[in-house]
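Numbered from 1 within each chain, the chains take letters A, B, ... in sequence-line order.
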Number of protein chains: 2
Amino acid sequence: MTVEDIRSAAQRIRPYVVRTPLVPALWAEPSRPLWIKPETLQPIGAFKVRGAFHAVGNLDESVRRRGVVAYSSGNHAQAVAYAARIHGIPAHIVMPEQTAPNKVEATRRHGARVVLCAAGQREQVAAELLARTGGALVPPFDHPDVIAGHGTIGLEIAEDLPTVDNVLVPVSGGGLAAGVGTAIKALCPTARVFGVEPELAADTAESLAAGHLVDWPVDRRDRTVADGLRAQPSALTFAHLQQVLDGVITVSEDEILSAVRELALHAHIVSEPSGAVGLAAYRRGALPPGRTVVVVSGGNIEPRLLAEVLAG
Amino acid sequence: MTVEDIRSAAQRIRPYVVRTPLVPALWAEPSRPLWIKPETLQPIGAFKVRGAFHAVGNLDESVRRRGVVAYSSGNHAQAVAYAARIHGIPAHIVMPEQTAPNKVEATRRHGARVVLCAAGQREQVAAELLARTGGALVPPFDHPDVIAGHGTIGLEIAEDLPTVDNVLVPVSGGGLAAGVGTAIKALCPTARVFGVEPELAADTAESLAAGHLVDWPVDRRDRTVADGLRAQPSALTFAHLQQVLDGVITVSEDEILSAVRELALHAHIVSEPSGAVGLAAYRRGALPPGRTVVVVSGGNIEPRLLAEVLAG
């Protein structure tokens, strides 16, 4: 993956995604001027559209016409459904039976056919759909086109703030951090890129320290409120993370919810817990000084949780 | 006021304000595709920085060095305080004694000297400060530089969506609607521009129908929850509104709070009640069909009110 791949992704997805600005955070610490990159403003409310539009757009026309398949219960489901609708092609989204009805409904609203399946069956169900339709799988992170699409966030940061010193990015499957890190390291070689994880799903921090992927069982990762950060890197994304990350910062559940509150009240941005971990890491004060950008990756929070966090 | 004045304002304020994107609202009615212009992302959380930076930047250097004076208990206070700090000049902000302590504190945090005064005394106190300092008054709307600064929002809408059909803008003192309307009518001559007011502060709707300014007593306007929309147009802004508005839509208090909720949950944008009136008007469904842009003017809502609105 090179910055040229990411530039090419930027060209392809330009008509479909929001060119998000850097929002200056006036309440920052003086030694670390802070900007927020609000990916909450994307269609479907999360950065996932960047990878989805790039992956769908890069398919051979003959394959694309037959449609796409994805498995996800989160923002990737909606992103692929939306990209498919805009391209005028069918989408099948495989979701676990226990997925919250509002997420199933949101995905259907974008015109996708949702296929519910038993826990642990999703890959098999997706394979059957692919065999039947002849379409293509759009994975949530384990694909170079998805990583390059997400990396366009890094290009935009480098364009808007070429003197950036620190970039903070949530890490889950690692596609976002791999893409953003690749762009930043190429364009702002002195900048540091930090991944951020919940303490309760800190598999990447442990894996990077060990020098190889360490598996955390899913029931351990599922403890965090940051439901978008419960995945683990693949071999592909992990290899990128080893190259581009200067470290991983882990944050507590309380710090995550505090950051959700701060984003709403000071930056006027609604963030889901997964989106707020970068700000939580910033607030820890353990960063080197310098101009800091926090990527706020998505805003799909349960209304009740947001109300609770605001009521404090 | 011409679009050239607004272009010149855009040049001047570019280093200081956020170039806000148009955020597509996927949940819109099919006959009226909808985009949100999130001025909530500006420094201090509201569009007011546009007018403030233009007015302060346009002062003669000799006057500017002596500082600026403003009277406001709202977003304009913080905008002028912030613009003065960035320009390295003193600011005196005159506020009524009953201003909420958090607003006084927010203004002081930007380095301004806050001068509290009795109700009805603010103009006299400001005049004394001007006489003593030799500085300049930055009015909240009744000034061509302020109107032109706010009009840069219209320039950006025309750049990003030249085929826009409807633009919805909150109306209070009328500076925002006058500026945005002037830019849109010049650049997108077939587009319609609608002002939006709370029913409880519908003085502009009544004035436009009467063909002259109709005064609503302040205690009547103060009933609305939209505390940024309690001012009335001046002769200058009213003359512009008569030229550029295709109508004024009024909305109820319930509709305003519903729109605050919808912006948070669907657009992931925290809006104050005043900022949400445009979306409330859109939801009424009384607009002509076509591509619609709603300007969401600010996000400084009381945390408790936002929590209540979200809890539903």
Honestly, the part of H110(B) sitting under 4.5 Å from a heavy atom of chain A is side chain

All heavy atoms of G299(B) vs all of H268(A), minimum pair found to be O-CD2, 2.9 Å

Quick one: what part of R304(B) sits under 4.5 Å from any heavy atom of chain A, side chain, backbone, both or neither? neither

So, taking the atom named CZ in R19(A) and the one named CG in L22(B), what distance separates them when rounded to the nearest 0.5 Å? 14.0 Å

Assess whether atom CD of E253(A) is packed by more than 12 heavy atoms of other residues, nucleotides or ligands within 6.0 Å. yes

Sort I36(B) into side chain, backbone, both or neither according to what part of it lies under 4.5 angstrom from a heavy atom of chain A. neither

Taking side chain as everything from C-beta outward and backbone as N, CA, C, O, which of these in A267(B) sits under 4.5 Å from a heavy atom of chain A? Side chain, backbone, both or neither. backbone

State, with a plain yes or no, whether a side-chain heavy atom of L41(B) is found less than 4.5 Å away from one of I269(A). yes

Please identify which of these residues, L305(B), V309(B), V270(B), L310(B), meets the side chain to side chain contact (heavy atoms under 4.5 Å, CB included) condition with L310(A). L310(B)

With a 4.5 Å heavy-atom cut-off, do P24(A) and V18(B) have their side chains touching? yes

Under 4.5 Å from any heavy atom of chain A - which part of D160(B): neither

On a heavy-atom basis, which atom in A307(B) and which in A311(A) lie closest, and how many Å separate them? CB-N, 3.9 Å

